Amino acid sequence: MNGGEREATALRFPYAEPPPAGTCRDVAPGVRWLRMPLPFALDHINLWLVEDGDGWAIIDTGIASDAIKALWEHIVADELGGRKVTRLIVTHFHPDHIGLAGWLTERLGVELWMTPGEWHHARQALADRPGTFGEELADFYRRIGFGDAQDTVKSGRPTSYRTLVSAVPETYRALADGMELAIGERRWRVVIGRGHAPEHACLYCPSLDLLIAGDQVLPKISPNVSLWPRAADQDPLGSFLASLDKLERAVPPSAFVLPSHNLPFYGLHARTRQLSALHGERVAEVVAACGTPRTGAELVPILFRRTLDRHQLGFAIGETMAHLARAVALGQLARRERADGVWLFGRA
Ligand SMILES: [Zn+2]
């Protein structure tokens, strides 16, 4: 989902370009930025190195592929000034963030640090019998009103987790909300966000006034907030909006923000407010469209007017359902079940 052009004016981007592939750029004292390619419409992820005593802590990994492994080999050999890697910190379980956690921790002999919620999600996604989630998704899409569920599942299913994540370590060190983490000489505070992922870790360093934001706040695109089958959180958008408010309380507006996608920026509170407003408008749009009861399938093209590729369609369906779930949680819409099992959303 794209937040449009209006936000650009409120945000300030000190770097016009990312560092070239395979190189690092200093963005703050003891903090380095590097980029890895992704094989999607969103074609990159930003990763960070934080000085940790006599070495560097890695934040997030990129997806599992030979090309990304080769880039890491090059970075470890040539870009760290001969210093070692001390640990791996992962913000959340999505494949572009955790894909090489198993390989990197083993290759470098370091520990993984992440939240329990994200670690369990990653382990579960990897352990799933192939096809299980696909079957659940097919049933979910049928209830949303895609009669041709098989075709929709095939075209809308996110790329298989196993193809993008090599392994998730069996043990890890737990990050928790509000925890003070010493990385080298500096202290970082863990700020947990929800809605995009179950227990997403952001890291704020007060002495640098710098936030490693992961996917919780992005400057150009809005972080995907989807309702999926078997979701423990049935109102992920409500959780996401509450997390934006919490970030505003936890991190000052002056903070330099390092997001996982697009460019580092200033203007955190401007961006959290834009995202809140954008989702509020979209909830109002689905409520307005449900004057006559509608299925989720009928609402997808109302929220997403542009053409969607295979990867984007699944996320568009998930986002539409998250906005409907928010409207239901607010008491503005009610969900009923048609005789054929399809959900209908109408005015409460
Ligand atoms: Zn993510």
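No experiment lies behind these values; they were computed from the predicted model shown. When a ligand or atom number is given, it counts from 1 through the structure's own listing order.
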(message) For a 4.5 angstrom cut-off between non-hydrogen side-chain atoms, does Asp215 reach His97?
(response) yes

(request) Could you check if a side-chain atom of Met114 sits within less than 4.5 angstrom of a side-chain atom of Ile98, using non-hydrogen atoms only? (result) yes

Pairs under 3.5 angstrom only: tabulate donor-acceptor contacts from the side chains of residues 283-293 to other protein residues two or more places apart or in another chain.
residue	atom	partner	partner atom	Å
Glu285	OE2	Arg305	NH2	2.7

(request) With sequence neighbours left out, write down each residue that passes salt bridge (charged side-chain N to carboxylate O under 4.0 Å, His left out) with Arg338, or none if nothing qualifies. (result) Asp340

(message) Check for me: within less than 2.8 Å of the Zn ion (ligand 1), which protein N/O/S atoms show up?
(response) His92 NE2, His94 ND1, His196 NE2, Asp215 OD2

(message) Hydrogens and angles aside, do His94 and His196 bring a side-chain donor and acceptor to less than 3.5 Å of each other?
(response) yes

Which pairs would a plain distance check flag for residues 181-189, meaning a side-chain donor or acceptor within less than 3.5 Å of a matching protein atom at least two apart in sequence or in another chain?
residue	atom	partner	partner atom	Å
Arg189	NE	Glu180	OE2	3.3

